[in-house]
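Working notes, structure below.
Residues: numbered from 1 along the sequence shown.
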Amino acid sequence: MASNYLTPEQDRQIRRWERWNRNYFLVAFVALVIVLVFSSQLGLSTGESWGSLGVLLAAIVAPIIVLQLRLRCPACGHRIGWQAKLMAPDQCQACGTFLRARSR
């Protein structure tokens with residue numbers, strides 16, 4: 001049985017997703033640290049109420065969920081985002097395609 005690999009264009013799509021995911025994670029991490037450290041000075045938290053702090057935290061975390069939902073196997077279209085962390089998984093669980101271009 002021959003192993004399936006991505007075409008160079010499909011590989012570029014996956015690498016582009018990985019770059020976006022990694023870069024957003026770094027920005028979100030820094031933003032979360034800043035927001036959490038300075039929330040009382042910025043007037044975002046008032047002790048008992050999450051108020052605008054909760055909205056800001058949700059706005060920072062929501063794109064992470066969207067990025068995970070957008071990742072699909074280029075070969076079969078199966079959603080593979082939840083298999084991924086910062087990087088795409090090695091292989092699609094649905095079709096078995098290796099999520100790398102064949103090295104020559």
Residues in side chain to side chain contact (heavy atoms under 4.5 Å, CB included) contact with F29, at least two apart in sequence or another chain:
V33
Shared hydrophobic cluster for W20 and V66 (ILVMFWY, side-chain gaps under 4.5 Å):
no
Of all heavy-atom pairs between R72 and G77, which one has the smallest distance, and what is that distance?
NH1-O, 2.8 Å
According to side chain to side chain contact (heavy atoms under 4.5 Å, CB included), who are the partners of L32, at least two apart in sequence or on a separate chain?
L57, I60
Would you list the pairs meeting ring pair (Phe, Tyr, Trp, His ring centres under 6.0 Å) in which at least one residue belongs to residues 59-103, sequence neighbours left out?
Y5-F98
Say you draw a straight line from CG of N21 to CD1 of I14; how long is it, rounded to the nearest 0.5 Å?
11.0 Å
Hey, could you give me each pair passing salt bridge (Lys or Arg N to Asp or Glu O under 4.0 Å) that has a residue in residues 5-15? Not counting sequence neighbours.
E9-R12, D11-R15, R15-E18
Nearest heavy-atom pair of P63 and A59: which atoms, and what distance?
CD-O, 3.1 Å
Please answer: with hydrophobic residues joined when any side-chain heavy atoms are less than 4.5 Å apart, are I64 and W17 in the same cluster?
yes
If the condition is side-chain hydrogen bond (donor to acceptor under 3.5 Å, both in side chains), which residues does Q91 pass it with, not counting sequence neighbours?
none
Given 3.5 Å as the limit, does a donor-acceptor pair link the side chain of R22 with the main chain of M87, or not?
no
Kindly determine whether L99 and I80 satisfy side-chain contact (heavy atoms from CB on, under 4.5 Å), including the steps that lead there.
CA-CA 10 Å; L99 298 175; I80 56 174; 3.4 Å; yes
When rounded to the nearest 0.5 angstrom, what distance separates OG1 in T97 from CG in D90?
13.0 Å
Give me the other members of the hydrophobic cluster that V27 sits in, counting Ile, Leu, Val, Met, Phe, Trp and Tyr linked by side-chain heavy atoms under 4.5 Å, directly or via other members.
none
Whether Q83 side chain and P89 backbone form a donor-acceptor pair below 3.5 Å:
no
